[in-house]
Amino acid sequence: MVLRLYDTRSRSKRTLKTLVPGEVGIYVCGITPYSPSHIGHARQAIAFDIIVRWLRKSGLIVNHITNFTDIDDKIIRIANEENINFLDVANRNIADYFEVMDLLNVIPADSYPRVTEIIPEIIDMITKLIESGNAYSSPDGVYFEIDTAPEKYGQLTGQTLEMVREGAGGRVSKTGTGKKNHRDFALWKLAKPGEPHWPSPWGDGRPGWHIECSVMSLQHLGEQFDIHGGGSDLMFPHHEAEIFQSECCLNHDPVVQYWIHNGMINVDGEKMSKSLGNFWTIRDAISKVEPLELRYCLINAPYRQPVEFNDVMLDDSSSHYRRLLSAYGEGISKCSKGDWRSSEFLQEAESNFSEGMNDDFNTRVAIVEVQSVVKHLREKLDSNSYDDVSSAVSWLSEFAGDVLGILPSDPIVKEKIKKIESERMQVSNLVTDLLNQRKIARENKDWNKADLIRNQLNEIGVIVEDSPNGPVWKLK
RNA sequence: GCAUGGGUGGCAGAGUAGCUAUGCAGCGGACUGCAAAUCCGCGGACCUGGGUGCAAAUCCCGGCCUGUGCUCCA
């Protein structure tokens, strides 16, 4: 089967053909750790997590690199405010990132390079860019000179030099300083008093924002590599700057074969941002729902679309998610996994699922198939046909679990079931007693008393459901 | 202003020419004393004006609305 992905540069879906057959290198721009991670970071990490999972599932050996920009203006500002070292700010937020990503079931990248660990390599690349005539040193730093490679402008956003010249309007004047041209961007910034800095041939300072990614991708993935990803808000200027740097330094065109960008999160129809006050950290969200419910919510739309996020959306997706998990949990507690390939229905579901994923990682289509298998599983559970239950469970484990990452691992599911069992045991006698009383009341058609007992049970956290085979109860 | 996406039922959101998307919500039914859970069924949509086609939500042109980018941003 052929995997097609949407390439921002060509603005079309292209068949994935890797530079080295059977292997794929993917570089994803990570976070600037100046504050605890928000759900936009979660959406991005989950989107690329699933992309990587699917590439692996397709038989490719994946090398996945995600970076941390652990030095920047905002990190410095916060460090100064709190009177601590800038690395303390970065480190605590990186720790937070790893913690929440683990909760969200994001498989770690193969490497997480940090800017502060590759300063010599950055200086090397800047040196090369000066030697090749693409960069120049000025009184306040080193800049990349756009006019040395004008043909590379606007490859991702479609803008031309003229457009920016005109459209920049009032913004042009405030960018000045040592630049020859307002469109040039910084490779090395000389330190102002009190700022963290590293020595360089051009004076003490620190790297500009874009150069790190060119250096890191080169280091880990080579002079040319397959996929470069990131949020759509990074297309300009960050990723276009990377194209200038990498291609001019390495003399390859293109360095990156496929550019893929995830959509933003909207709240009330607008991009989530701190200034609008419509901001959710990951911890905000997972204080309301389980982490995997959040994960489920964030893959409801294909990765390129904006995701509309609010309480209602979160509630909606968690209610379906619970249905999925309860059917799955019931399934694995009743029988071991079988072989889904023995079922025609499940083969069909697999085929639809894979077709969706191969069409630019369409998780929405994939979820529809998951929903349909859950429905199928419910039917089989209700009719006690355990061969079918065990094959459906194995399908879900493979696709909803391994590929989409929305199921907890079986030990955790079983642990949870066990925990619930033991909690049940603790109240079991009391509940049985009350249920007997209720049974008698119901037999006497004393509905008031029966409902009173049900309310009483509800207060101690027990939900009673009357099935055709008598009452079933569970803990909230 | 320029660039680049999008406008599908109450909500979310697939679908690029002919065949029920799907989920949540709603309605009806089964089951129930009621409720819950589960199952079955139903209704309801393709921004607008033209064009091409036997056939258009789907292709082409115009209009309107809207998101994002052009400054740090996942």
Side-chain angles (χ1 to χ4, degrees), chain A residues 8 11 28-32 34-35 37-48 66 69 72-74 154 156-160 162-172 174-175 183 209 229-238 240 261-266 269-275 296-297 300-310 312-313 315-321 323-324 326-327 352 356 359 362-372 374-375 378-379 381-383 441-443 445-448 450-451 454-455 458 463-468 471-474:
Chain A
T8 307
R11 284 194 202 92
V28 182
C29 284
I31 61 163
T32 300
Y34 70 95
S35 66
S37 296
H38 56 69
I39 57 172
H41 299 135
R43 148 81 143 168
Q44 191 223 34
I46 291 166
F48 284 100
T66 289
T69 304
D72 102 308
D73 290 344
K74 281 182 287 249
L156 299 177
T157 57
Q159 304 190 87
T160 66
E162 282 66 29
M163 286 166 183
V164 174
R165 227 170 255 149
E166 294 160 8
R171 282 187 286 272
V172 177
K174 72 180 181 191
T175 53
R183 283 178 261 107
W209 175 34
S232 60
D233 52 353
L234 296 184
M235 282 188 240
F236 188 95
H238 184 56
E240 294 205 351
H261 291 96
N262 65 279
M264 299 291 102
I265 289 188
N266 289 347
E270 282 180 296
K271 181 180 162 185
M272 188 179 78
S273 74
K274 282 188 172 168
S275 54
Y296 183 87
C297 181
N300 192 39
Y303 77 93
R304 284 194 289 132
Q305 299 303 119
V307 163
E308 189 60 39
F309 194 87
N310 53 49
V312 178
M313 289 298 301
D315 285 351
D316 279 5
S317 57
S318 38
S319 73
H320 180 263
Y321 180 75
R323 242 172 67 87
L324 159 67
S326 89
N352 293 338
D359 183 15
N362 192 330
T363 50
R364 180 67 218 176
V365 169
I367 283 177
V368 168
E369 289 313 307
V370 171
Q371 284 165 344
S372 120
V374 168
K375 196 171 173 181
R378 262 267 74 97
E379 281 168 25
L381 280 168
D382 291 347
S383 62
R442 293 180 76 204
E443 277 164 7
K445 298 200 189 299
D446 185 351
W447 309 127
N448 281 339
D451 288 348
R454 185 166 61 195
N455 289 340
N458 199 39
I463 298 163
V464 179
E465 292 167 4
D466 291 318
S467 81
V472 174
W473 63 275
K474 61 186 178 191

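Sequence lines set the chain letters: A, B, ... in the order given, protein chains first and strands last, and positions in each chain run from 1.
Note: CZ (A:F309) to C1' (B:A74) measures 15 Å, nearest angstrom. As rounded to whole Å, 13 Å separates atom C1' of B:C24 from atom CG of A:N310. Distance A:N266 CG to B:A12 C1': 13 Å, rounded to the nearest Å. Nucleotide B:C70 holds its P atom 8 Å from the CG atom of A:D233, rounded to whole Å. Here the C1' atom of nucleotide B:U32 and the NZ atom of A:K445 are 12 Å apart, to the nearest Å. Rounded to whole Å, the distance from CE on A:M235 to P on B:C70 is 11 Å. A straight line from NE2 of A:H38 to P of B:C72 spans 16 Å, rounded to a whole angstrom. In this structure, CG of A:D73 is placed 12 Å from C1' of B:U71, rounded to the nearest angstrom.
Using modelled atom types and a 3.5 Å distance limit, the side chains of A:R304 and A:N262 yield no donor-acceptor pair.
Listed candidates were B:C24, B:A35, B:A12. Nearest to the side chain of A:R454 is B:A35. Closest to the side chain of A:K74, out of B:C72, B:C2, B:A74, is B:C72. Among the nucleotides B:G23, B:G33, B:G13, the one closest to the side chain of A:D451 is B:G33. Across B:A74, B:G13, B:G69, the shortest atom-to-atom separation from the side chain of A:F236 is found for B:G69. Residue A:R364 has its side chain nearest to B:G13 when only B:G13, B:G5, B:A74 are considered. The side chain of A:A301 has B:G13 as its nearest neighbour among B:C24, B:A74, B:G13. The side chain of A:Q44 has B:A74 as its nearest neighbour among B:G33, B:A12, B:A74. Each of B:C24, B:A3, B:C40 was ranked by its minimum atom distance to the side chain of A:S319; first place goes to B:C24. Residue A:K271 places its side chain closer to B:U68 than to any other of B:C24, B:A3, B:U68. For A:N362, counting side-chain heavy atoms from C-beta on, the closest listed nucleotide (B:A74, B:A14, B:A35) is B:A14.
A:G154 comes within 4.0 angstrom of nothing in the nucleic acid, heavy atoms only. Using a 4.0 Å heavy-atom criterion, one finds that A:P237 contacts no nucleic acid atom at all. Using a 4.0 Å heavy-atom criterion, one finds that A:V312 contacts no nucleic acid atom at all. Note on A:G40: a base of the nucleic acid sits closer than 4.0 angstrom, heavy atoms only. Residue contacts for A:E379: at a heavy-atom cut-off of 4.0 Å it reaches the sugar-phosphate backbone alone, with no base atom in range. Backbone-only engagement by A:T32 is indicated by non-hydrogen atom pairs under 4.0 Å involving sugar-phosphate atoms exclusively. Base engagement by A:D466 is indicated by at least one non-hydrogen atom pair under 4.0 Å involving a base atom.
Comparing the P positions of B:A14 and B:U22 gives an interatomic distance of 15 Å, to the nearest angstrom. Taking atom C1' on both B:G10 and B:G50, the two are 32 Å apart, rounded to the nearest angstrom. B:U48 and B:G7: their P atoms are spaced 13 Å apart (whole Å). Comparing the P positions of B:U52 and B:G23 gives an interatomic distance of 39 Å, to the nearest angstrom. B:G63 and B:G44 are spaced 28 Å apart, taking the C1' atom of each and rounding to whole Å.
In terms of phosphate contacts, A:T157 brings no side-chain nitrogen or oxygen within less than 4.0 Å of OP1 or OP2 of B:C70. Between A:K375 and B:U38 there is no side-chain N or O to OP1 or OP2 distance below 4.0 Å. A sub-4.0 Å separation between OP1 or OP2 of B:U22 and a side-chain N or O of A:N300 is absent. Contact annotation: A:R304 does not reach the phosphate of B:U4 (side-chain N/O to OP1 or OP2, under 4.0 Å).
Two residues are said to be in side-chain contact when any heavy atoms from C-beta on lie closer than 4.5 Å; A:K375 and A:S372 fail this criterion.
Nucleotide B:G67 has B:U4 as its partner under the Watson-Crick or G-U criteria, with both atom distances under 3.5 Å. In this structure, B:G41 and B:C27 make a Watson-Crick or G-U wobble pair, each of the two defining distances being under 3.5 angstrom. In this structure, B:C46 forms no base pair with any nucleotide, since neither Watson-Crick nor G-U wobble geometry is met with both distances under 3.5 Å. Using the Watson-Crick or G-U wobble rule with both distances under 3.5 Å, B:C54 pairs with B:G18.
In terms of heavy atoms, A:A450 sits closest to A:R442 at CB-CG, 3.6 Å. Here the closest heavy-atom approach between residue A:S232 and residue A:G263 is recorded as OG-CA, 4.2 Å.
Residue whose closest nucleotide on RNA chain B sits further toward the 5' end, between A:C29 and A:A450: A:A450. Two residues, A:I367 and A:I265, neighbour RNA chain B, and the one matched to the more 5' nucleotide by heavy-atom proximity is A:I367.
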Checklist entry - What's the verdict on side chain to side chain contact (heavy atoms under 4.5 Å, CB included) for A:K445 and A:W447, showing C-alpha distance, side-chain angles and the deciding distance? => result CA-CA 5 Å; A:K445 298 200 189 299; A:W447 309 127; 3.8 Å; yes
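When atom types are taken as modelled, the side chain of A:Q159 and the backbone of A:G154 share no donor-acceptor pair closer than 3.5 angstrom. A donor-acceptor contact shorter than 3.5 Å is absent between the side chain of A:H320 and the backbone of A:S317. Remark: the backbone N or O of A:C29 is paired with a side-chain donor or acceptor of A:Q44 at under 3.5 angstrom.
In B:G53 the base sits syn relative to the sugar, since the glycosidic angle is no further than 90° from 0.
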